[in-house]
S.K.: 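A single structure is presented below for examination.
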2 protein chains.
Amino acid sequence: MDGGGWRPVKRTRTFEDVLAQIERRIAEDGLTAGDRLPAERQLAEQLGVSRSSVREAMRVLETLGVVSSQVGRGPDAGAVLIARPESALTDLLRLHLGLASLEMREVIDARHMIEEWAATRAAAVRADTSALVSALAGMDAAGSAEEFVEHDTAFHCAIADASGNRLIAAIMRSLRDSMRRYAVEAVERLGDTSVLRADHVRILEAIDRGEADEAARAVSEHLAHAYRS
Amino acid sequence: MDGGGWRPVKRTRTFEDVLAQIERRIAEDGLTAGDRLPAERQLAEQLGVSRSSVREAMRVLETLGVVSSQVGRGPDAGAVLIARPESALTDLLRLHLGLASLEMREVIDARHMIEEWAATRAAAVRADTSALVSALAGMDAAGSAEEFVEHDTAFHCAIADASGNRLIAAIMRSLRDSMRRYAVEAVERLGDTSVLRADHVRILEAIDRGEADEAARAVSEHLAHAYRS
DNA sequence: TCCTTGATATGGTCTGACCATACTGTGGTC
DNA sequence: GACCACAGTATGGTCAGACCATATCAAGGA
């Protein structure tokens, strides 16, 4: 038994303290993307820790898509706050797919879920579809499966963007990133992409007309065409 | 102009090299959750880098929910591969909400999307609902809003689990984590939780009977009851 | 006015040391 | 033989200090 005696046991690692302090500062000072954090050496001195601990905290923040570090001197140098959740999600998916703690099937299904939801929502809010139109043009001009997939990805991510939900759009982008190779193989297997192009037009028109149910149906059937299995 | 001359410019940081090497090793050796990585000092020597760089790489992997480091000696010590995408997603959401690069509205909507999809899927596959039943019992016994939300979260996460998609289940858990305070306030504002309880039973029964559409409807109406706005 | 050049602040990396922790093995004790 | 105390050791966690590469800035000269 401790008998009530208490001594200050260190339970959190130093870099976790640094993380908490930075997070607190972000909340209290209302920092947002574009603002700068103090330099590593300065932060270390302020918090009374070594620069190594500060650096480990910075790696965490960088991994989560919250800061970006630039070397050199000047207004753009140092640690700047950013808002790139995609990068973290992409790394997350890639590593967990590699670890076999996720299967491509699950990624595909999640993508299906998001896309149907986003198309419904985009149609409901009569979203601007100019980004979808230019992605369509890109696909028409594509000369290889890789190029086609590139613009196809842009088209489908534009649907997610059009939903107006940045979180879901970020997840969508990461999912597509993880599926990249898979998508290219699917297109190569398919050979003729005219069916996919027709699907895209149908989706686009449904969103333009604000027909939410038709948009969802069109997306669902399109994905069935693209990844029939 | 470079005139075609080429000199070996260092474009990636050392810890990124380490990350790539570890990722490669995971892929080539087919490592999965539970396997151990070499010790930091050993890894540093193998890769010809300093221990600091190895440590920064470990922080990244830890942030992404891929490794867990234990001090001491023995079979459980060192860096062990794990599969906890939730922790990364939870940190991601918390920080981006703090940075105002995400709004609670977007989190709520994402949660709505997932839950409807998961309920549909759970009903379609006639998933086991025993976890839902025990969460229901927990809610009946709850004495405070916090306690109620705790078991409510368990109930809704169990639906996501029942969908059979680990990625979507992990996202669901992180979303609920981020919404925790918000959910407690919603329940306190509501006062009487009998409507929510009835909704839960309706959802449970729909899933049990395999009625996918009814399950989705029940979830949708339940969320409207819980977060009417 | 423009360019050169040195000063400087920044992140990136390395070395080497020390600490706290937790297992491992050894040896003594009953 | 069974048990326990204790030294040994491998692990991550932290620190201090140094050096490098890079990018800007400021001073000075052409």
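The sequence lines fix the lettering, A, B, ..., with proteins before strands; numbering per chain opens at 1.
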S.K.: Within residues 34-48 of chain A, which residues have any heavy atom lying less than 4.0 Å from an atom of DNA chain D?
M.R.: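 Correct list: A:Arg41.
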S.K.: Does A:Ser174 reach the main-chain N or O of A:Ala170 with its side chain, forming a donor-acceptor pair under 3.5 Å?
M.R.: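 Pair found, side chain donor or acceptor close to backbone of A:Ala170.
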S.K.: Test: salt bridge (Lys or Arg N to Asp or Glu O under 4.0 Å). Region: residues 68-92 of chain A. Which pairs qualify, not counting sequence neighbours?
M.R.: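 Checked against salt bridge (Lys or Arg N to Asp or Glu O under 4.0 Å) - neighbours excluded - the pairs reaching residues 68-92 of chain A are A:Asp91-A:Arg94.
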S.K.: State whether B:Thr14 places a side-chain N or O below 4.0 Å from either non-bridging phosphate oxygen (OP1 or OP2) of C:dT13.
M.R.: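 True: B:Thr14 side-chain N/O within range (under 4.0 Å) of C:dT13 OP1/OP2.
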S.K.: Rounding to a whole Å, what distance do you find between B:Arg13:CZ and D:dT22:C1'?
M.R.: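 In whole Å, D:dT22 C1' lies 14 Å from B:Arg13 CZ.
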S.K.: With B:Glu188, which residues qualify under side chain to side chain donor-acceptor pair (under 3.5 Å), at least two apart?
M.R.: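 Partners of B:Glu188 under the side chain to side chain donor-acceptor pair (under 3.5 Å) test: none.
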S.K.: Could you check if a side-chain atom of A:Leu43 sits within less than 4.5 angstrom of a side-chain atom of A:Ile22, using non-hydrogen atoms only?
M.R.: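 Yes, side chains in contact.
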S.K.: Just to verify, what does A:His112 make a ring-ring contact (aromatic ring centres under 6.0 Å, His included) with, not counting sequence neighbours?
M.R.: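 ring-ring contact (aromatic ring centres under 6.0 Å, His included) check on A:His112 returns nothing, list empty.
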S.K.: Not counting sequence neighbours, which residues clear side chain to side chain donor-acceptor pair (under 3.5 Å) with B:Gln46? List them please.
M.R.: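 Checked B:Gln46 against side chain to side chain donor-acceptor pair (under 3.5 Å); matches are B:Arg25.
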S.K.: Taking only the side-chain heavy atoms of B:Arg51 (C-beta and beyond), determine which of D:dT14, C:dG12, C:dT13 contains the nearest atom.
M.R.: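 Between D:dT14, C:dG12, C:dT13, the one nearest the side chain of B:Arg51 would be D:dT14.
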S.K.: From CD of A:Glu16 over to C1' of D:dT14, roughly how many Å is that when rounded to an integer?
M.R.: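 In whole Å, D:dT14 C1' and A:Glu16 CD are 13 Å from each other.
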S.K.: Output the residues of residues 72-84 of chain A in contact with DNA chain D, where contact means a heavy atom of the residue under 4.0 Å from an atom of the strand; sort by number or write none.
M.R.: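 A:Gly72, A:Arg73, A:Gly74, A:Pro75, in order of number.
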S.K.: Applying side chain to side chain donor-acceptor pair (under 3.5 Å), name anything that partners A:His151, two or more places apart in sequence or on another chain.
M.R.: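 If we apply the side chain to side chain donor-acceptor pair (under 3.5 Å) test to A:His151, skipping adjacent residues, there are no hits.
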S.K.: Taking only residues two or more places apart in sequence, or in another chain, which ones meet A:Glu45 in a salt bridge (Lys or Arg N to Asp or Glu O under 4.0 Å)?
M.R.: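 Per chain and number, A:Glu45 pairs via salt bridge (Lys or Arg N to Asp or Glu O under 4.0 Å) with no residue.
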S.K.: Please state how far atom CD in A:Gln70 lies from atom P in D:dT22, giving the value in whole angstrom units.
M.R.: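 My rounded result for the distance is 14 Å.
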S.K.: Applying side-chain contact (heavy atoms from CB on, under 4.5 Å), name anything that partners B:Glu115, two or more places apart in sequence or on another chain.
M.R.: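 Expected list: B:Arg111, B:His156, B:Ile159, B:Met172, B:Val219, B:Leu223.
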S.K.: For residues 52-67 of chain B, which residues have at least one heavy atom under 4.0 Å from DNA chain D?
M.R.: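 Those residues whose heavy atoms fall under 4.0 Å from DNA chain D, taken from residues 52-67 of chain B in numerical order, are B:Arg55, B:Arg59.
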S.K.: Check side-chain contact (heavy atoms from CB on, under 4.5 Å) between B:Ala135 and all other residues, then give those that pass, not counting sequence neighbours.
M.R.: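 Here the qualifying residues are B:Ala154, B:Phe155.
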S.K.: List for me each residue that meets side chain to side chain donor-acceptor pair (under 3.5 Å) alongside B:Asp128, sequence neighbours excluded, and say none if there are none.
M.R.: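 Listed in chain order: B:Ser130.
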